[in-house]
*Asks:* 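Okay, handing you the structure first.
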Amino acid sequence: MKKPIAGGSGGAADVSVALPRSSATQPAGWTRLLESERLLAALLLAPTVLLLGVFIAYPFVMGVWLSLSDTSVGNVGHFVGIKNFLKAWDDSIFQTAFKNTFVYTFWATIFKLTLGMWLALLLNRSFRGKRIVRASMLLPFIIPTVLSTFAWRWMFDPTFSVLNWLLYQTGFIVTKVPFLSDGTYGMWCAIVVNTWRGMPFFAITLLAGLQTISPDLQEAASLDGANGWKRFWNVTWPLLKPVTIVVVVFSIIQTFSDFQLIYVLTGGGPANSTHLIATYAYQVGVATGLLGEGAAISLFMLPVLFVVVWAQLRYLRRLEGA
Amino acid sequence: MDTRKGASVTPGMNRRHFLQTAGGAAVVAGGIEGILAARRAPAFAQGTKLHWVRWVDFIPESDVELKRQMPEASKALGAEVTFETINANDLQPRITAAVQSGSGADIFNFQYNWAHLYQNAVVDVSDVASALAKTEGGFYDVWAPSCQVGGKWLSVPHSIVGNAVAYRKSWLKEAGASQYPKTWDETRKLFSILKKKGKPYGQTLGHTFGDAPTFTYPMTWAFGGAETDASGKKVVLNSKGTVEAVKFMQAFWKECCDEGGLAWDDTNNNRAFHAGEISATLNGASIYIVAKRQKEKIKDDKGEPLWQDIDHAPLPAGPAGGYLLFLNQSNAVMKYSKNQKLAKDFLTWLHKSENYGKWFTTQEGYSVGSTKKWENDPMWGKLDEPLKMFRTAARNTRLFGYAGPSTAKATEGFTKYVITDMYAKAVQGMKAEDAVHWAEGELKKIYEG
């Protein structure tokens with residue numbers, strides 16, 4: 001007969017319990033360590049921290065260091081304080097690039113939002129071939145930017161532009177439109193291409209947002225006599241606003257730091273008139289090899305993007321709290 | 001003592017000592033594997049690779065020839081030589097990335113005076129360059145300021161792309177010119193007539209490595225302008241000569257040029273010329289060569305092969321004379337390369353007459369050699385008359401940075417397109433004086449900042 005468990009019910013029942021062996025009563029060293037929540041959390045976070053450290057923090061810290069040094073290609077840099085920032089600020093090409101970046105981001109975002117919203121509202125209706133239209137709408141977004149921009153460059157070509165040919169043949173123009181050979185036209189061409197490319201992202205995201213809005217609300221508003229605009233403004237828009245703000249913020253970040261499109265379409269020309277901060281930083285830092293100056297120019301994007309991200313996070317937190 | 005046939009062991013040397021000595025020698029010579037496998041002096045360890053990056057040549061057949069030669073080079077050097085071509089505008093970003101990461105191609109194609117810009121990232125190749133110069137009777141004058149820094153050759157001169165104005169003979173004749181004008185004033189008169197007939201002069205003022213700077217620097221020099229004084233320390237761009245040059249260009253642009261040229265790259269003028277959109281343009285010989293090689297495709301307005309209507313002339317002279325800036329190409333061995341010796345051996349191999357000559361022939365005058373030896377190559381006798389003017393073209397060419405030495409600062413001004421942008425701003429409406437003032441400010445930041 002086995003011994004009753006200490007503290008048991010005195011022999012009223014003959015309960016036998018298999019107790020763990022004495023060696024197993026103490027968890028193994030590593031298991032015991034994992035029982036510590038703080039340690040486990042640290043371990044689970046470690047891969048992410050490592051990835052962020054290597055791919056985000058290190059390049060960022062390097063960028064900051066480079067911007068404070070006179071590093072050039074093949075030459076070790078020395079600390080120069082904020083000299084590179086002052087030099088950039090005093091540089092007329094940088095000033096143009098800085099202004100261009102705001103103009104480009106502002107107008108491209110406005111157009112993408114307006115057209116994207118319009119497209120989303122259209123696609124939210126029922127019609128034949130809806131799925132094909134929705135899928136094909138994404139084409140500009142999924143084609144690599146460099147390829148699609150090359151196609152646009154050909155369409156805007158100073159000599160062989162198909163658009164110029166079309167406009168001439170239809171009698172709209174008598175001389176060629178200087179699409180890329182004039183700074184102002186060049187910037188608007190870039191905005192058009194950016195809008196063409198980014199609009200599907202807006203449309204598909206807003207469409208997803210629209211589909212979460214209950215049709216009952218629209219129906220109720222209709223019964224109350226609201227017309228299309230009032231239904232949009234008083235029912236759709238308030239419910240779509242959180243999605244819209246998120247998508248606009250993402251777009252601002254991407255557009256403000258855009259590089260590929262301008263690099264391929266205009267190369268920043270003519271005479272630096274279409275440079276953005278990113279393309280000018282590349283020209284100075286990578287092409288000319290003045291890494292310190294290039295890093296300083298690119299870091300001018302940081303405060304602007306920081307404010308945008310901060311505003312977004314603040315808005316999202318307010319939503320969570322609501 | 002071992003008396004077997006073929007064994008040659010130093011008396012008194014035991015087995016262990018022999019293996020140590022032989023092993024050490026083999027490692028020095030390039031690896032034990034090579035000795036065992038090849039029964040010949042091993043050049044480099046098996047699996048050694050050498051990577052050479054060069055621009056995409058405007059004469060495609062020349063790249064084909066170089067690719068054909070690489071297996072031969074691999075065999076001769078006992079290492080695998082790979083040859084990569086990239087767009088010339090991407091060379092500098094690629095070099096920067098390679099230098100900063102400490103990895104990349106072993107040999108890079110340098111242009112103009114890049115040896116100054118990357119002087120701390122490349123190795124001394126004086127042994128290769130000096131041997132080449134000795135064998136071929138000396139380099140052209142432009143090479144020393146381009147590739148020598150502190151008396152050391154930092155890149156090995158390879159070739160020079162000459163340029164000239166390619167023009168339509170029949171169209172110039174229609175406008176009353178029996179030959180290409182000798183001065184800029186005559187040129188302006190002639191092409192104002194041609195532009196009115198829809199046959200303008202084609203010139204890029206974009207951010208290009210070749211056609212824009214080889215036009216804008218000589219234009220400045222032709223009117224007496226210069227970037228710096230002879231010391232290279234004082235910026236003297238804002239002078240009467242430069243302002244006159246810019247004013248001339250404003251008029252020339254409006255009256256004579258295809259104004260779309262502001263957005264052209266180095267290929268646009270070739271295409272525009274072949275399509276009959278322009279009557280003349282500054283270019284290498286590639287317009288003529290490609291038109292002839294593709295004579296079935298490239299035809300004039302009468303349906304005849306276009307090449308028959310093309311001739312070449314040097315850039316016209318201005319009040320201060322006529323000057324030229326040619327694109328020169330050299331090869332540099334990178335300091336981070338683990339195969340520096342192999343890279344130098346490869347460059348020596350590349351410049352052997354039997355190898356270089358085959359590439360040179362495919363160029364048909366588009367590039368000339370780095371030495372006068374190639375002026376006497378039999379190829380010149382087989383070429384068409386319009387191409388023969390390139391034979392001696394490299395004898396007289398200036399470098400940017402004039403009137404000072406062509407230093408890294410001159411390259412910086414070049415890479416930032418300061419001179420080209422000065423003209424581009426002016427033809428877009430900025431006052432000539434203001435455009436020159438702007439460019440002077442940019443150069444001062446580089447030279448005196």
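Chain letters run A, B, ... following the sequence lines, proteins first and then strands; every chain starts at 1.
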*Asks:* Considering only heavy atoms, which portion of A:S72 lies under 4.5 Å from any heavy atom of chain B: side chain, backbone, both, or neither?
*Replies:*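 The backbone, not the side chain.
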*Asks:* Looking at B:E442, B:E277, B:Q119, B:R271, which one has more heavy-atom pairs under 4.5 Å with chain A than the rest?
*Replies:*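 With the most close heavy-atom pairs to chain A, the winner is B:R271.
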*Asks:* Do any N or O atoms from the side chain of A:S181 and from the backbone of B:L262 form a donor-acceptor pair under 3.5 angstrom?
*Replies:*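 No, the answer is negative, given that no donor and acceptor are paired below the 3.5 Å cut-off.
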*Asks:* Quick one: of B:Q428, B:K335, B:K425, who has the most non-hydrogen atom pairs under 4.5 Å with chain A?
*Replies:*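 Ranked by heavy-atom pairs under 4.5 Å with chain A, first place is B:Q428.
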*Asks:* A:F160 versus chain B, heavy atoms under 4.5 Å apart: side chain, backbone, both or neither?
*Replies:*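 A:F160 touches chain B through side-chain heavy atoms alone.
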*Asks:* Look at A:S92, A:S161, A:P178, A:G285 and state which one has the largest set of heavy-atom pairs under 4.5 Å with chain B.
*Replies:*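 Top option by heavy-atom pairs under 4.5 Å: A:S92.
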*Asks:* If I compare all heavy atoms of A:G74 with all of B:A121, which pair ends up nearest, and what's the gap?
*Replies:*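 Result for this residue pair: CA-CB, 4.3 Å.
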*Asks:* Can you name the closest pair of heavy atoms from B:N268 and A:P158 and give their distance?
*Replies:*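 Where B:N268 meets A:P158 most closely, the heavy atoms are ND2-CD, 4.4 Å.
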*Asks:* Between A:V284, A:T288, A:I93, A:N75, which has the largest tally of heavy atom pairs under 4.5 Å with chain B?
*Replies:*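 Looking at each option in turn, the highest pair count goes to A:T288.
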*Asks:* Stepwise, does the side chain to side chain contact (heavy atoms under 4.5 Å, CB included) test hold for B:W264 with A:T159?
*Replies:* CA-CA 9 Å; B:W264 283 5; A:T159 314; 3.3 Å; yes
*Asks:* Are there over 12 heavy-atom neighbours, none belonging to A:Y168, within less than 6.0 Å of that residue's OH?
*Replies:*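 No, the 6.0 Å shell around OH holds no more than 12 heavy atoms from other groups.
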*Asks:* I'd like to verify something: which residue of A:D182, A:L291, A:T266, A:D90 has the highest number of heavy-atom pairs under 4.5 Å with chain B?
*Replies:*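 The candidate making the most pairs under 4.5 Å is A:L291.
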*Asks:* Please determine whether the number of non-hydrogen atoms from other residues, nucleotides or ligands lying under 6.0 Å from atom NZ of B:K445 exceeds 12.
*Replies:*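 Atom NZ in B:K445 is crowded, with more than 12 foreign heavy atoms closer than 6.0 Å.
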*Asks:* Please classify the contact between A:Y263 and chain B as side chain, backbone, both or neither, with a heavy-atom cut-off of under 4.5 Å.
*Replies:*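 Side chain of A:Y263 only, per the 4.5 Å heavy-atom cut-off to chain B.
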*Asks:* Between B:E259, B:E412, B:R94, which has the largest tally of heavy atom pairs under 4.5 Å with chain A?
*Replies:*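 Winner by heavy-atom pair count: B:E412.
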*Asks:* Under a 4.0 Å N-O cut-off, is there an ion pair linking A:D91 with B:K416?
*Replies:*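 The answer is no: the pair does not qualify as a salt bridge.
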*Asks:* Measure A:Y282 against the heavy atoms of chain B and call it side chain, backbone, both or neither at under 4.5 Å.
*Replies:*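 A:Y282 touches chain B through side-chain heavy atoms alone.
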